[in-house]
Amino acid sequence: MKWPILQAFPSFSPRYLRPFLRLCAQQSALIIGKKLHALILTTGLSATQTSFLLNTLLHFYASCGDILSAQKLFVEIPHSCKDIADWTALMSSFSRQNRPHDALRLFAQMLENSIQIDDVPMVCLFSVCAWLRDVGVGSQGHGCVVKMGFEGKVKVSNAMMDMYGKCGMVREMRRVFDEMKEKNVVSWTVVLDGVLKWEGVRSGRLLFDEMPERNEVAWTIMVVGCVGSGFSKDGFLLLSEMVFHWGFKLNHITLCSLLSACAQSGDVVMGRWVHVYGLKLMGTEMDIMVGTATLDMYAKCGRVDTAVKVFECMPRRNVVSWNAMLSGLAMHGRGRVALDMFPRMIEEVKPDDLTFIAVLSACSHSGLIDQGSYYFDNLESLYGITPKIDHYACMVDLLGRAGRLEDAQTLINQMPIPPNEVVLGSLLGSCNSHGKLQLAERVLQKLTEMNPLNTEYHILLSNMYALAGKRQKANSLRKVLTTKGIRKVPGMSSIHVDGHVHQFSAGDKSHPRTQEIYLMLDDMVRRLRSAGYIPNPASQVFSGSDGIEDDAMDLEEKEQALFSHSEKLAVCFGLLSTKPGTPLYIFKNLRICQDCHAALKIVSKIYYREIVVRDRNRFHCFKQGSCSCCDFW
DNA sequence: CTAGGGTTAG
């Protein structure tokens, strides 16, 4: 056997092998490392010599993410040679591979085995708790830190603050921060992230200005925080200051986080800027991750055609890119296109379970029942994928939307896993669209057992009662909510104009241009009526989405309430603040209401405007009197 | 022959 690699070692001994294995670990060169491991076992090193290498090998496998091999070595290492670093290597490997519970179990075993814990596993513990949002275990960890006197270790405190921040315990986080004698950029950055998330952009900005030192991470977090809270203009100003004044270069991680923030908030203006920056930085050799984030941004900002273009221009694509593309098409109701692309996908990459969530939801949003059933039935046999609860949820959705509620129920009964909230919530939604009151009652019962705090389901059923003329039942159901003191999430619609996000709630009068908006609304309703639109007060009760208590209203009031739904207000503002003929892009946090859906179809026609609405479920593109969802939602 | 393990930005 000739191994060129052997010639690299003047003497085949741990002394030379160890640095080589470390290099493999650093570079994640799993194959080469494995060959070395094989050599070590076969080349006749003495048992003592080999045992000197076991820890290094463990570290190598742990850092390459080959947990199985790492675990095997962990068992093989004799007790006398196993120390804290070996435990920590394995634990951090679990945590990096998204197996937080295994990491926690290992930590518990360390305690059971009376291993003297030092600061490093503590950092790892907090990172796991942060990921799990488990402040219970996290604060126990805090206790350990105090007991063992690790508070002075900056990294430990940073990880601890991150844990508190991720869990929403801002006060705890700040307390730790204030008591730290020695802080570094990371400390400030962690706190900045938490404050932005839980106390808002204003407090975040104050903290940001106070920071003694800001690296590109801090800047990115600040910009993302602005964009995420609708402060688009401030975000953009900060981004240009970061790049042009301070000369920070954006790397692919920064680009991805910015793009994802733009996708979430619907900020296509900044999204485009970031896209262009990426193009200049990388040219046609666009990084796969950045390319994927870019197409995802365009899709989620309502520009699905641009998303397709970006996708087609990517020199290489992985399964994530394909999944993003397919689910983008699904959200836009382009189920047919998505299915046509699928054969091309399986030539390029191996589909995973997310792929089929995209495919099934594409079928569901486009009413392609047969195709959906086909893929679902063949998941295992053709693609080797065991259906998970989310796939069942898609199928229940698909059947339910199509009115096949019996089939949906049968499927739920056949599931090997008990149904979760998503599955039943989707079934309830279908009961609603198909007027199955009795089934809805049963489903609601189960849903309330699962999640007593969710108001949406009660409102849905209460609206169904109201629609069926059972006012008393409807009201008593609503009373249940009020006596429990639970308030529903208010419906909000927003629109980006000139770098600002304008947000509206139902009947909102807080906008500086309220007067003009309501004049426009009057005009709109008048023109809608003459175009044949009949307001549907039932859907005021029915939609429940924009939340106006409606017990005592007469018909006229109900109509008025209907007219001032948040999405209509946003459209009116859009009509009067953008150039004629330009499309309007509206974002709504809940599902679009049925009356608004009917109204916007006509608006798109009589105002010659394309109106794109992103609601919680999908996109609706209103154009010349019809909607891309084909009324199939 | 004795180092090796960890935090923030998808």
Side-chain angles (χ1 to χ4, degrees), chain A residues 11 13-19 21-22 25-26 45-46 48-63 70 73-74 77 81-96 98 103 106-107 110 115 117-131 150 153-163 165-166 173 183-194 196-197 211 214-225 242 248 250-261 263-264 287-290 292-294 296-297 320 324:
Chain A
S11 149
S13 73
R15 189 168 156 209
Y16 293 99
L17 283 165
R18 194 173 291 122
L21 276 169
R22 284 207 56 205
Q26 243 177 43
L45 281 181
S46 73
T48 3
Q49 280 183 314
T50 310
S51 72
F52 280 126
L53 282 167
L54 289 179
N55 313 53
T56 316
L57 278 166
L58 166 67
H59 170 217
F60 155 72
Y61 281 117
S63 83
L73 276 161
F74 187 75
I77 295 176
C81 300
K82 205 184 293 179
D83 68 5
I84 178 77
D86 300 321
W87 289 86
T88 319
L90 195 58
M91 183 180 171
S92 80
S93 194
F94 278 132
S95 115
R96 277 198 311 268
N98 292 339
L106 204 67
F107 187 81
M110 287 166 79
I115 309 282
I117 307 264
D118 67 9
D119 49 333
V120 187
M122 288 318 292
V123 172
C124 198
L125 178 75
F126 288 126
S127 129
V128 170
C129 295
W131 208 81
F150 292 149
K153 307 260 183 188
V154 181
K155 288 178 175 182
V156 173
S157 292
N158 289 351
M160 200 152 75
M161 291 191 298
D162 184 47
M163 180 275 297
K166 292 266 160 48
M173 178 185 74
K183 304 169 174 115
N184 62 17
V185 216
V186 180
S187 326
W188 282 90
T189 312
V190 167
V191 174
L192 175 66
D193 193 41
L196 277 169
K197 209 161 276 146
M211 286 177 73
R214 302 174 199 94
N215 61 12
E216 89 239 351
V217 181
W219 277 93
T220 309
I221 289 178
M222 190 64 225
V223 175
V224 166
M242 166 186 181
F248 283 106
L250 309 183
N251 58 25
H252 48 277
I253 300 174
T254 314
L255 291 176
C256 285
S257 10
L258 291 172
L259 286 165
S260 130
Q264 276 199 312
D287 178 272
I288 294 190
M289 290 229 302
V290 177
T292 305
T294 307
D296 185 59
M297 180 277 295
V320 186

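Residue numbers begin at 1 in each chain, while the letters A, B, ... track the order of the sequences.
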Inset, instruction - Under the side chain to side chain contact (heavy atoms under 4.5 Å, CB included) rule, what do A:M242 and A:T220 come out as? Steps first, then yes or no, please. - result: CA-CA 9 Å; A:M242 166 186 181; A:T220 309; 3.9 Å; yes
Legend entry - side-chain hydrogen bond (donor to acceptor under 3.5 Å, both in side chains) contacts in which one or both residues fall within residues 54-63 of chain A, not counting sequence neighbours: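 Output for this query lists A:R18-A:T56, A:H37-A:Y61, A:N55-A:D86.
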Legend entry - Touch class at under 4.0 angstrom, heavy-atom based, for A:A85 against every strand present: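 Base, at least one base heavy atom under 4.0 Å.
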Inset, instruction - Just call it for A:L58: base, sugar-phosphate, or nothing, with non-hydrogen atoms closer than 4.0 Å on any strand. - result: nothing
Legend entry - B:dA3 phosphate, OP1 or OP2, under 4.0 Å from A:R22 side-chain N/O: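 For B:dA3, OP1/OP2 do not have a side-chain N/O of A:R22 under 4.0 Å.
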Under 3.5 Å, N/O pairs linking protein and nucleotides 8-10 of chain B:
unit_1	atom_1	unit_2	atom_2	d
B:dA9	OP1	A:K166	NZ	3.4

Residues which pass side-chain contact (heavy atoms from CB on, under 4.5 Å) with [X], listed by chain and number, not counting sequence neighbours:
X: A:V123; value: A:K155, A:V156, A:A159
X: A:V217; value: A:T189, A:N215, A:I221
X: A:S127; value: A:S95

Taking [atom1] from [X] and [atom2] from [N], how many angstroms apart are they, rounded to a whole number?
X: A:N55; N: B:dC1; atom1: CG; atom2: P; answer: 15 Å
X: A:M122; N: B:dG5; atom1: CE; atom2: P; answer: 19 Å
X: A:L73; N: B:dG4; atom1: CG; atom2: P; answer: 18 Å
X: A:F150; N: B:dG6; atom1: CZ; atom2: C1'; answer: 13 Å
X: A:K183; N: B:dT7; atom1: NZ; atom2: C1'; answer: 17 Å
X: A:L54; N: B:dT2; atom1: CG; atom2: P; answer: 16 Å
X: A:D118; N: B:dG5; atom1: CG; atom2: P; answer: 12 Å

Legend entry - base_contact_polar (B:dG4 base, A:D86 side chain, donor-acceptor, <3.5 Å): yes
Inset, instruction - Tell me whether the centres of the aromatic rings in A:W87 and A:F107 are closer together than 6.0 Å. - result: no
Legend entry - Non-neighbouring partners of A:K82 that pass salt bridge (charged side-chain N to carboxylate O under 4.0 Å, His left out), sequence neighbours left out: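 For A:K82, no residue satisfies salt bridge (charged side-chain N to carboxylate O under 4.0 Å, His left out) once neighbours in sequence are set aside.
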